[in-house]
Amino acid sequence: MKKHLVSREDLQRRLFRSVVAGFVFITFALGTFLTIRYGPLDRKLPVALRKAQSFNEKVAAELANPERPAPCKEAPPKGTPPRVNGLIGLRDDVDGDTYRVIVDSGAKHFEMTIDEMMKLPRTEAVNDFKCVEGWTAVIQYAGVKFKDFMKIKGVGLREDGTPYPYVGLETPDKKYYVSLDSKSMMSDDTVIAWEMNGAELEVENGYPFRLIIPSKYGIKNLKRIGRIFFSDERPPDYWNKRGYDWFSGL
Amino acid sequence: MSAERSPEKIEIVEKYSRWVRYTHWLNVPFLFIMIWSGLLIYWANDEYVRMPQWLAQALFLDHRLAEGLGWHFAIMWFYTFNGVVYSFYLFISGEWREIVPLKRSFRDAIDVVKHDLKLTGELPPQPGKINGAQRFAYTGALVLGVFSVITGIAIYKPVQVQWLTEALGGYRAARLEHFIIMNLFCLFILAHLLQVFRAGWANLRGMIAGFDEVSGSSTSARESNAENARAAEAIKRGENL
């Protein structure tokens, strides 16, 4: 340790400077926190925190591969009821005979019956389903890969052949809605599912069709798909409006 | 200028450098926000230690998951960057030698704890700026910091870094590990504050202004003790005592 001799005045001056710097720091830190915390909100979250989310999204765009498949797991016993965590958009009765999924892609507009959807090539996967709350559950699910759906139905591409950057989904009553980046939707384990844990979807788990996208939190895995649409603009997203991160990528 | 006129000269040692002091104080709000926002997140799924509703309400921790996530994933950059700067400084300056436990530190740490609990009267001789117990505590805090970031990344992007998440025992294990680290941090902070309070102003001044008076009764002043000085010399030569 360096030792040296100083006068008491110099020492006190040095101490005084440091203490003042300390108070300036405390004021600055507290001021910054309070300004952010009680400042203007953007979709229920302080603006600065929204900016951080955009930054994180850019970092993810640079470093992450949105099509990376989630790690495979061992399937839960057949018939295990999947956890039910929310019923927004599921209050109306469902009639399988008259149910239609509306699809909008540019000028294309059509409706699909349950049978038409289930005739698409079936795929199956077992993955960890992760809720933004922090719980997880291994689920088996079966349905059509979203990218197969796009290819076969000829949707998702603009007139010039480039993909729309955003996909929107909503329940038939439009009370729950999500929007996602098309890149994540092209992952092999992103599926329009009609089966979970070896059984047909229950109403509270999204009968007849729900989205399963294991690279996103559960909030993006919309239940009871009423409409699928493609967009150049980012469509509104239920939980994003309520303060959550739009990207929510895992 | 006033130094010549002043009749009284005081011998001081430079205890903590600017880098150590700045990163230390910056870490206070960063770590505080990480723990606070982490609790806002933990509230939504309190699976390890149940957080009773009355407690969550009393501490304003309930129904603020979105806010918790917002802060956690913003301040994580500052918290991590600050920790990296601190680690690099320790490494490049060689000051890590003042922090890591020495061979003798384990015995010293026990003696220090015994002394502080008033079980024995004698403090062991202290080679370097800090005592054996402090060496364990500060190195431990740095290790906690490193693992808080590693486990944090594993549960932040468990699909992208699935190799890391799996290496930590899977998503649920990594979340528990992250939680345990937070608890250990809280324990560290508690013990740290208690000890700083006990040690008094001369010690705290070292972290604020950087210096310590040699003639005073403060901790590092005991270096004037011949045995301590010998031990300190040995450390400078790089010997592991």
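Convention: sequence-line order gives letters A, B, ...; per-chain numbering from 1.
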For A:Phe16, is it the side chain, the backbone, both or neither that has a heavy atom under 4.5 Å from a heavy atom of chain B? neither
Contact winner vs chain B - A:Leu63, A:Ile36, A:Asp245, A:Asp128, heavy-atom pairs under 4.5 Å: A:Ile36
Tell me which of these, A:Leu15, A:Asn65, A:Ile26, A:Leu49, has more heavy-atom pairs under 4.5 Å with chain B than the rest. A:Leu49
Where on A:Lys130 is there a heavy atom nearer than 4.5 Å to chain B: the side chain, the backbone, both, or neither? side chain
Does any backbone or side-chain atom of B:Trp77 lie under 4.5 Å from a heavy atom of chain A? Answer side chain, backbone, both or neither. side chain
Proximal component of B:Pro29, with respect to chain A [non-hydrogen, under 4.5 Å]: side chain
Just so I understand: if I count every heavy-atom pair under 4.5 Å between each of A:Pro214, A:Gly134, A:Gly243, A:Ala70 and chain B, which residue has the most? A:Gly134
With distance as the sole test, does B:Thr165 use its side chain to make a donor-acceptor pair with the main-chain N or O of B:Val161 at under 3.5 Å? yes
Which heavy atom of A:Asn85 sits nearest a heavy atom of A:Cys131, and at what distance? ND2-SG, 4.0 Å
B:Tyr42 versus chain A, heavy atoms under 4.5 Å apart: side chain, backbone, both or neither? neither
Is chain B contacted by the side chain of A:Tyr244, its backbone, both, or neither, given a heavy-atom distance below 4.5 Å? both
So what's closer than 4.5 Å to chain B heavy atoms on A:Arg242: side chain, backbone, both or neither? backbone
With chain B, the option among A:Ala48, A:Pro71, A:Gly249 that has the most non-hydrogen atom pairs under 4.5 Å is A:Pro71
Below 4.0 angstrom, N of the basic side chain to O of the carboxylate: do B:Glu14 and A:Lys3 qualify? no
B:Ile75, part contacting chain A, at a heavy-atom distance under 4.5 Å: neither
State whether A:Glu204 and A:Lys223 are salt-bridged, where the test is any N-O pair (Lys NZ or Arg NE/NH1/NH2 against Asp/Glu carboxylate O) under 4.0 Å. no
A:Lys216, part contacting chain B, at a heavy-atom distance under 4.5 Å: neither
Let me know if A:Leu45 has heavy atoms under 4.5 Å from chain B in its side chain, its backbone, both or neither. side chain
Honestly, the part of B:Leu69 sitting under 4.5 Å from a heavy atom of chain A is side chain
Which word best sums up how the rings of A:Phe33 and B:Trp71 line up, parallel for under 30°, tilted for 30 to 60°, or perpendicular for over 60°? tilted
I need the residue from A:Ala64, A:Ala21, A:Ala52 with the largest number of non-hydrogen atom pairs under 4.5 Å to chain B. A:Ala64
Does any part of the side chain of A:Trp194, heavy atoms only, come nearer than 4.5 Å to the side chain of A:Arg122, both counted from C-beta? yes
Within the distance-only criterion (no hydrogens, no angle test), does the side chain of A:Asp173 pair as donor or acceptor with the backbone N or O of A:Lys175 below 3.5 angstrom? yes
Separation between CD of A:Glu124 and CD of A:Glu195, rounded to the nearest 0.5 Å: 6.0 Å
Taking A:Asp188 first and then A:Lys147, would you say they form a salt bridge - that is, a charged N and a carboxylate O separated by under 4.0 Å? yes
Can you say whether B:Arg64 sits under 4.5 Å from chain A via the side chain, the backbone, both, or neither, judging by heavy atoms? side chain
Contact class of B:Tyr171 relative to chain A, heavy atoms under 4.5 angstrom: side chain
Salt-bridge test for A:Asp189 and A:Lys145: reply yes if a basic N is under 4.0 Å from a carboxylate O, no otherwise. no
Is it true that the side chains of A:Arg210 and A:Asn221 contain a donor and an acceptor less than 3.5 Å apart? no
Check whether the ring centres of B:Phe30 and B:Trp25 lie less than 6.0 Å apart, and answer yes or no. no
Under a 4.5 Å heavy-atom cutoff, which of B:Lys157, B:Glu67, B:Gln160 has the most pairs with chain A? B:Gln160
